[in-house]
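Taking it in order: structure first as structure tokens, then the write-up.
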Amino acid sequence: MASPKKKLQGLVAATITPMTENGEINFSVIGQYVDYLVKEQGVKNIFVNGTTGEGLSLSVSERRQVAEEWVTKGKDKLDQVVIHVGALSLKESQELAQHAAEIGADGIAVIAPFFLKPWSKDVLINFLKEVAAAAPALPFYYYHIPALTGVKIRAEELLDGIQDKIPTFQGLKFSDTDLLDFGQCVDQNRQQQFAFLFGVDEQLLSALVMGATGAVGSTYNYLGRKTSQMLEAFERKDFSLALNYQFCIQRFINFVVKLGFGVSQTKAIMTLVSGIPMGPPRLPLQKASREFTDSVEAKLKSLDFLSFSDLKDGNLEAGS
Ligand SMILES: CC(=O)N[C@H](C=O)[C@@H](O)[C@H](O)[C@H](O)CO
Ligand SMILES: CC(=O)C(=O)O
């Protein structure tokens, strides 16, 4: 059983992996990035080496170094650092899980292997169990993201009896729009103290209604404050205010979705908003276009819910 730890709740930022213009990891800005999340966005939990962090595009050695840097720089500043250790190779996943435990991370998360795929719930559980066993003292989270893995085993079925197989199982990161599946995960596990973390930022309010206990997402890097206001309004049962916040967030996300939105664009937006250079993504991703960055900058300036006091032209250069 994982050592009792405070439950992972509230907002969790899925960290970007900063890179230099020639494609190496830019470790030098991670300390600054931690301070930005804590001070400017009020976000104290992070999810490292996931989708947004291009975790599957990094080498195992890079993943270890990135995880270590976040844990080191986050010490005494962040509440929880969860490391995504999913990989196609069970061995690599186990190595990363064990490493996460050694460096003092607060939890590990794993996606379904997505090339040779598990075709049944039992096979997927067996894979996850082998990874979890490599870090027996760390809380384990299953990262459900069927649109990207192609593994469509419903989370609700996977969770049925999961703690008998994986004693460290502590929660689910649910990145899908199927609120029937998500709602049933919550409904059928009310006796457990699981974390139900939603991963579709533009629909978080609906998931809160279904019982989400927190959220992991890319937009909390720069919309953390705004999203926290929505969470507070929801807690106070001021649903119309909460909806206003969700609509504000949606207007921005909808704007970028129409321009074409993904990890590359997240890097460009974060560079713009935070002033910290996130650099280009790694192939097969392509850098966001100059047109994208220009449109987003104009949009950000026209929205009153972000503070752009430090949105400087210089920052634009770094991101474009
Ligand atoms: C596919 C993907 O990257 N999903 C992210 C997390 O799971 C989300 O945070 C989205 O980036 C966000 O909801 C915007 O669509
Ligand atoms: C969004 C998210 O959770 C990820 O980047 O993995």
Side-chain angles (χ1 to χ4, degrees), residues 8 10-18 33 37 41 43 45-58 63 66-67 70 80-87 96 100 105 107-112 114 141-152 155 171-179 181-182 195-208 212-224 226-227 230 245-270 273 278 281-282 284-285 288 292 296 299:
L8 178 57
L11 295 183
V12 182
T15 56
I16 293 162
T17 300
Y33 191 163
L37 289 176
Q41 296 298 336
V43 171
N45 300 300
I46 58 171
F47 186 86
V48 174
N49 287 339
T51 307
T52 305
E54 300 171 88
L56 279 304
S57 307
L58 306 180
R63 290 175 72 171
V66 169
W70 281 106
Q80 296 206 30
V81 178
V82 174
I83 311 291
H84 171 250
V85 302
L96 290 168
I108 52 171
V110 177
I111 53 169
F114 53 89
Y141 301 90
Y142 172 58
Y143 180 179
H144 181 65
I145 183 156
L148 289 186
T149 61
V151 176
K152 315 243 178 217
L172 170 72
K173 172 194 181 323
F174 189 95
S175 288
D176 189 42
T177 53
D178 183 348
L179 288 171
D181 190 13
F182 184 70
F196 295 105
L197 306 163
F198 196 64
V200 184
D201 312 358
E202 53 277 36
Q203 302 180 355
L204 177 55
L205 184 56
S206 342
L208 290 175
T213 58
V216 186
S218 68
T219 66
Y220 310 132
N221 281 294
Y222 52 90
L223 292 176
K226 181 60 46 182
T227 309
M230 181 178 88
Y245 285 124
Q246 182 72 92
F247 283 157
C248 261
I249 292 163
Q250 282 195 346
R251 275 178 228 134
F252 179 73
I253 296 180
N254 196 47
F255 178 81
V256 290
V257 161
K258 284 196 278 187
L259 295 173
F261 181 64
V263 172
S264 314
Q265 288 71 26
T266 293
K267 287 187 127 166
I269 297 168
M270 184 62 172
V273 177
M278 295 295 148
R282 179 169 288 177
L285 298 182
F292 176 87
V296 169
K299 183 70 175 177

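Every heavy atom of this structure was used, including side-chain atoms; hydrogens, water molecules and symmetry mates were not. Numbering starts at 1 and runs along the sequence shown. Counting starts at 1 for both ligands and their atoms, in listed order.
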Answer whether the closest heavy-atom distance between the side chains of L148 and F114 falls below 4.5 Å. no
Looking at Y220, is its backbone amide N or carbonyl O close enough to the side chain of Q41 to form a donor-acceptor pair, meaning the two atoms are under 3.5 Å apart? no
Nearest protein heavy-atom contact for atom 1 (C) of ligand 1: which residue, which atom, what distance? I145 CD1, 4.0 Å
Are the side chains of V296 and L259 in contact, using a 4.5 Å heavy-atom criterion? yes
Say whether S175, considering both its backbone and side-chain N or O atoms, lies within less than 3.5 Å of an N or O atom on ligand 2. no
Aromatic contact, F47 with Y143 (centres under 6.0 Å): yes
Verify, without hydrogens or angle tests, whether K267 (side chain) and T17 (backbone) share a donor-acceptor contact under 3.5 angstrom. yes
Give the numbers and elements of all ligand 2 atoms closer than 4.0 Å to a heavy atom of T52. 1 (C), 4 (C), 5 (O)
Using a 4.0 Å cutoff against the non-hydrogen atoms of V200, which atoms of ligand 1 qualify? 13 (O)
Where is the nearest protein heavy atom to atom 6 (C) of ligand 1: which residue, which atom, and how far? G199 O, 3.3 Å
So, regarding T52 and ligand 1 (criterion: nitrogen or oxygen to nitrogen or oxygen, under 3.5 Å), is there a contact or not? no
Enumerated ligand 2 atoms positioned under 4.0 Å from heavy atoms of Y143: 2 (C), 3 (O), 4 (C), 6 (O)
Shortest non-hydrogen contact between N49 and T15, atoms and distance: N-OG1, 4.2 Å
Does any N/O atom on G217 come nearer than 3.5 Å to any N/O atom on ligand 1? no
For G50, atoms of ligand 2 separated by under 4.0 Å from a heavy atom: 6 (O)
Any atoms of ligand 2 less than 4.0 Å from a non-hydrogen atom of A14? List them with their elements. 1 (C), 2 (C), 3 (O), 4 (C), 5 (O)
Short N/O distance, under 3.5 Å, between D201 and ligand 1? yes
Counting distance only, does the side-chain N/O of E54 pair as donor-acceptor with the main-chain N or O of R282 below 3.5 Å? yes
Does even one non-hydrogen atom of Q203 get within less than 4.0 Å of ligand 1? no
Output the list of atoms in ligand 2 that are nearer than 4.0 Å to some heavy atom of S218, sorted by atom number. 1 (C)
Per-atom contacts, ligand 1 versus K173 - under 4.0 Å to a heavy atom: 6 (C), 7 (O)
Looking at N221 and L37, would you say the former's side chain and the latter's main chain have a donor-acceptor pair under 3.5 Å? no
Sub-4.0 Å heavy-atom contact, H84 with ligand 2: no
Under 3.5 Å: N/O of E202 near N/O of ligand 1: yes
Can a non-hydrogen atom of G199 be found less than 4.0 Å from any atom of ligand 2? no
Is there a side-chain contact between M278 and Y33 in this structure, where contact means two heavy atoms from C-beta onward sitting under 4.5 Å apart? yes
Pairwise side-chain contact, V82 with V12, heavy-atom cut-off 4.5 Å (strictly under): no
Over all heavy atoms of both residues, which pair between H84 and R63 is shortest? Give the atoms and the distance, please. O-NH2, 3.1 Å
Using the six-membered ring wherever Trp is involved, compare the ring planes of F198 and F174 and label them parallel, tilted or perpendicular (cut-offs 30° and 60°). parallel
Using modelled atom types and a 3.5 Å cut-off, is there a donor and acceptor pairing between side-chain atoms of Y245 and backbone atoms of L205? no
Going by the 4.0 angstrom heavy-atom rule, the piece of S175 near ligand 1 is side chain
Numbering as shown, the atoms of ligand 1 that approach T51 to under 4.0 Å (heavy-atom distance): 3 (O)
Proximal candidate to atom 10 (C) of ligand 1 [heavy atom criterion; set A147, S218, G262]: S218
Any idea which protein heavy atom is nearest atom 3 (O) of ligand 2, and the distance to it? K173 CE, 2.4 Å
Taking all heavy atoms of S175 and all of V200, pick out the closest pair and write down the distance. C-CG2, 4.1 Å
Determine, using heavy atoms of Y220 and all atoms of ligand 1, whether some pair is separated by less than 4.0 Å. no
As an exercise, identify every atom of ligand 2 less than 4.0 angstrom from a heavy atom of V216. 3 (O)
